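Scroll down for the structure; my scribbles are underneath it.
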Amino acid sequence: MDNTFGEKSRQNFRIEIENKNTIIKEITDFDLEQTLECGQCFRFYKQDEEDYVVVAFNKLLHIKQSGNQLIFFNTEKPDVENIWIPYFDLERDYNEIKSFLLKKDSKLEEAIKEKWGIRILNQEFYETLISFIISQNKQIPHIKQLVRRISEEYGEYLGEVNGERYYSFPDVKTLGTITEEAFREMKTGFRAPYLYDAAQKLATGVISMETLKGLNENETRDKLISIKGVGEKVANCVMLFSLGFREAFPVDVWIKRIMESVYFNGEDTPKDKIQLFAKEQYGEYGGYAQQYLFCFGRENKVGTKK
DNA sequence: TCCCAGGTTCCCT
DNA sequence: AGGGAACATGGG
């Protein structure tokens with residue numbers, strides 16, 4: 001398979017088929033809940049402990065983790081291999097990533113120990129872009145709500161799990177038909193003109209995986225920031241979560257607080273200084289460090305006054 | 001009622 | 001150049 005996301009060392013899990021389900025066995029360094037709930041994606045719906053519905057790449061997935069087994073309900077093996085293994089980044093060696101980070105910086109120990117099972121998802125580019133434009137100045141439940149609303153209005157019906165209906169995220173062609181006014185009617189507020197600009201650039205092909213191909217980190221970021229409503233932070237999220245730039249280090253209010261608390265003696269520090277520090281400290285593993293810190297820090301309210 | 005949210009833009013020194 | 005308010009909407 002074409003390897004878009006850099007070198008991966010193959011993990012030694014096994015894929016088996018039982019009834020209509022496909023099961024991955026002996027999986028390591030992976031926890032479904034930690035991976036889905038750490039704020040990198042917005043299209044997951046908790047059914048039960050370690051039991052989720054996920055919508056991505058025009059597919060509906062019902063998935064459950066049981067120890068070191070991952071059960072893909074009603075899913076054919078080719079879909080697991082071609083869509084979900086890349087999506088969940090299961091072929092990458094996270095043990096190596098964690099060892100690298102721990103050796104480099106013992107301050108990450110607590111975060112990595114607690115959030116040991118995070119993987120960085122490889123999400124669909126245009127959906128990630130639209131989602132993170134929505135994310136500005138909003139809380140995660142609201143973001144989920146808006147992405148779902150847009151999907152129900154403009155996406156395709158995918159199916160039903162536990163009596164709930166699910167819709168795909170609209171493709172770029174459909175996004176291109178949504179007017180600024182229509183985005184406003186979706187309750188996107190002041191983001192409506194931003195979403196409209198992004199949708200137009202996607203639909204007309206001004207911005208696409210194709211036009212971004214071959215660009216380096218800074219070129220890609222600049223291209224993304226040319227979209228109205230996309231700044232440094234949103235661009236970095238899109239690059240990290242959908243374009244394979246694992247060195248990208250999004251600095252939001254949480255990461256700012258957390259980094260100030262862990263590395264800057266709790267003192268107010270400009271975002272660009274944090275950005276620079278992260279680049280020197282974690283290098284090409286910046287994105288991983290960011291997720292461990294973000295997820296751990298947010299849950300434990302690091303740097304906030306209680 | 002007030003405050004803030006995985007920010008960005010715009011307007012002001 | 002750099003700081004700060006404004007921007008819709010929803011929930012605590």
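Residue numbers begin at 1 in each chain, while the letters A, B, ... track the order of the sequences. Being a predicted model, the structure only gives us computed values, none of them experimental.
For the ring pair (Phe, Tyr, Trp, His ring centres under 6.0 Å) criterion with A:Tyr288, the lone passing option out of A:Tyr94, A:Tyr282, A:Phe294 is A:Tyr94.
Two residues, A:Ile140 and A:Gly229, neighbour DNA chain B, and the one matched to the more 5' nucleotide by heavy-atom proximity is A:Ile140. Between A:Lys228 and A:Gln291, it is A:Gln291 whose nearest contact on DNA chain B lies nearer the 5' terminus.
Residue-level contact check: A:Glu232 touches the backbone only, with heavy atoms under 4.0 Å from sugar-phosphate atoms and none from bases. Nucleic acid contact class of A:Cys38 (heavy atoms, under 4.0 Å, all strands): base. The residue A:Gly231 sits close only to the backbone: its heavy atoms come under 4.0 Å of sugar-phosphate atoms, none of a base. Within 4.0 Å (heavy atoms only), A:Arg298 reaches no atom of the nucleic acid at all.
Nucleotides B:dC11 and C:dA8, compared at atom P, are 14 Å apart to the nearest Å.
Counting only heavy atoms from C-beta on, A:Arg257 has its side chain closest to B:dA5 among C:dG11, B:dA5, B:dT9. Taking every side-chain heavy atom of A:Phe190 into account, C:dA8 is the closest of C:dG10, B:dT8, C:dA8. Set against C:dA8, C:dG10, B:dT8, the side chain of A:Arg191 has C:dA8 as its closest nucleotide. Closest contact between the side chain of A:Gln145 and the listed nucleotides C:dA8, C:dG11, B:dT9 involves C:dG11.
Once rounded to the nearest 0.5 Å, the distance linking OH of A:Tyr196 with NZ of A:Lys201 reads 10.5 Å.
Under a 4.0 Å N-O distance rule, the pair A:Lys271/A:Glu232 does not qualify as a salt bridge.
Counting to the nearest Å, the P atom of B:dA5 and the NZ atom of A:Lys144 are 20 Å from each other.
Summarising the geometry of A:Glu18 relative to A:Lys25, their closest heavy-atom pair is OE2-NZ, 3.4 Å, with the distance given to 0.1 Å.
In the interface, the side chain of A:Lys138 is paired with the base of C:dT9 through a donor and an acceptor atom under 3.5 Å apart.
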